[in-house]
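In what follows, a single structure is set out as structure tokens and then discussed.
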Amino acid sequence: MDKKNIDWSNLGFGYIPTEKRYVSNYKDGAWDEGTLTSDANVVINECAGVLQYAQTIFEGMKAYTTEDGHIVTFRPDLNAKRMVDSARRLEMPAFPEDRFVEAVKQVVEANAAYVPPYGSGATLYIRPYMFGSNPVIGVKPADEYQFRVFSTPVGPYFKGGAKPITIRVCDFDRAAPHGTGHIKAGLNYAMSLHAIMSAHEEGYDENMYLDAATRTKVEETGGANFIFVTKDNKVVTPKSDTILPSITRRSLLYVAEKYLGLEVEEREVYLDEVKDFAECGLCGTAAVISPVGKVVDHGRDICFQSGMDEMGPITKKLYDTLTGIQMGQIEAPEGWICQIC
Ligand code: PLP
Ligand code: COI
């Protein structure tokens, strides 16, 4: 199979349509058999539940070309499961987990020419999503839904790739206690748009959100969880019911402990103690691990000793081990790698 003529090494994180996407419709209480289509456009009624009351959820995952030339995805079963959790919270029907994984495989295989080559630094980003598609005018869940999966080749989420970024402590909240912060719903991202635009206007790359109840604890950013490294090399991640349970973060904790022999801790992290950490990173499918060099808290600079030039040493080890597993250079734990072709 010939790869598309794309400048893989210079891709940013943007949308490039690929040839095929998957679609399945839910009507009268059941999902249809689903199919691949070439049509990238979605046509829905003006009063569709998604347009009026934002009834939409999504996932984000990647396909990689391994060193030996296979195409794989990383822990797709966990994305399938998280999407079921998101669906339940928004009163949407679950898309069966086995069918989710099957749909992802079909999309990746059909777009194999768009999966960036090994070593290019790019990957194929996969976006499964689901939305209420029939007219809804009173505030209630839709009766009909569409589940779709599309893919697009991407480069680094933050310009500059592995270069440390600067973030600010945000005055807006992302998620309320007992709200929807723990699921992957479009509404969580809509309400973060003003915060990210104002962060960018002030020269910051991202926002550090605090817990809405006390505004003393670190939550996450608009699109990634935090990992911190203490001065004695312990890996610490914030524990909260109102952050997205990142698959990357869960995988990194395992890697830190089992592959690198580091102590790990998932616990509440107070803003006051951030200054004491040696390294900080943002982790997620899109972000991979993006190092943070500086957090600005209302004019007070919190600088990590890892600095603004490169990733800290533990962050780098975590990054190399995780991406090594994803690209097939390092043996993966049982069930982490799903080979597509
Ligand atoms: N937190 C938020 C708000 C996200 O949007 C994402 C991206 O999916 C993550 C964390 C990281 O999650 P994952 O590692 O499963 O991609
Ligand atoms: C992902 O990492 O897959 C996400 O969904 C984050 C998004 C901000 C691009």
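Owing to the predicted nature of the structure, the values given are computational and were not obtained by experimental measurement. In each ligand, atom 1 is the first atom listed, and ligand 1 is the first ligand listed.
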Q) Quick one: does Met61 get a heavy atom under 4.0 Å from ligand 2? A) no

Q.
For the 3.5 Å polar cut-off, considering only N or O atoms, please tell me whether Tyr189 and ligand 1 meet it.
A. yes

Q: Give the residue and atom name of whichever protein heavy atom lies nearest to atom 5 (O) of ligand 2, and the separation in Å to one decimal.
A: Lys184 NZ, 2.7 Å

Q.
Any nitrogen or oxygen of Thr221, side chain or backbone, less than 3.5 Å from one on ligand 1?
A. no

Q: Can you pull out the closest protein heavy atom to atom 8 (C) of ligand 2? Residue, atom name and distance to 0.1 Å, please.
A: Tyr157 OH, 3.4 Å

Q. What atoms of ligand 2 come closer than 4.0 angstrom to any heavy atom of Phe58?
A. 5 (O)

**Q.** Lys234 with Glu265: basic N within carboxylate O range, under 4.0 Å
**A.** yes

Q. Taking N or O atoms only and a 3.5 Å limit, does Gly284 qualify as a polar contact for ligand 1?
A. no

Q.
Between Ser120 and Ser9, is there a side-chain donor-acceptor contact under 3.5 Å, judged purely by atom types and distance?
A. no

Q.
For Glu266, is there an ion pair with Arg249 - N to carboxylate O distance below 4.0 angstrom?
A. yes

Q | For atom 6 (C) of ligand 2, the protein heavy atom that lies nearest, with its residue and separation | A | Gly223 O, 3.7 Å

(Q) Between Asp297 and Arg300, does any NZ, NE, NH1 or NH2 come within less than 4.0 Å of an OD or OE carboxylate oxygen? (A) yes

Q) Got an N/O contact under 3.5 Å between Arg174 and ligand 1? A) no

Q) Is there any N or O on Ala287 that sits under 3.5 Å from an N or O of ligand 2? A) no

Q: Please report which non-hydrogen protein atom sits nearest to atom 1 (N) of ligand 1, along with the residue it belongs to and the distance in Å to one decimal place.
A: Glu220 OE1, 2.5 Å

Q.
Any salt bridge linking Glu273 with Lys231? Criterion: basic side-chain nitrogen under 4.0 Å from a carboxylate oxygen.
A. no

Q.
Do the side chains of Lys217 and Glu268 get close enough for a salt bridge, i.e. N-O under 4.0 angstrom?
A. yes

Q. Got a salt bridge between Lys27 and Asp143, using NZ or NE/NH1/NH2 to carboxylate O under 4.0 Å?
A. no

Q) Between Tyr189 and ligand 2, does any nitrogen or oxygen pair lie at a separation below 3.5 Å? A) no

Q. In the protein, which heavy atom is nearest to atom 1 (C) of ligand 2, and how far is it?
A. Tyr125 OH, 3.3 Å

Q) Does ligand 2 have any atom sitting under 4.0 Å from a heavy atom of Glu59? A) no

Q: Indicate whether any N or O donor in one side chain lies under 3.5 Å from an N or O acceptor in the other, for Arg127 and Thr152.
A: no

Q. Of all the non-hydrogen atoms in the protein, which one sits nearest to atom 2 (O) of ligand 2, and at what distance?
A. Ala286 N, 2.8 Å

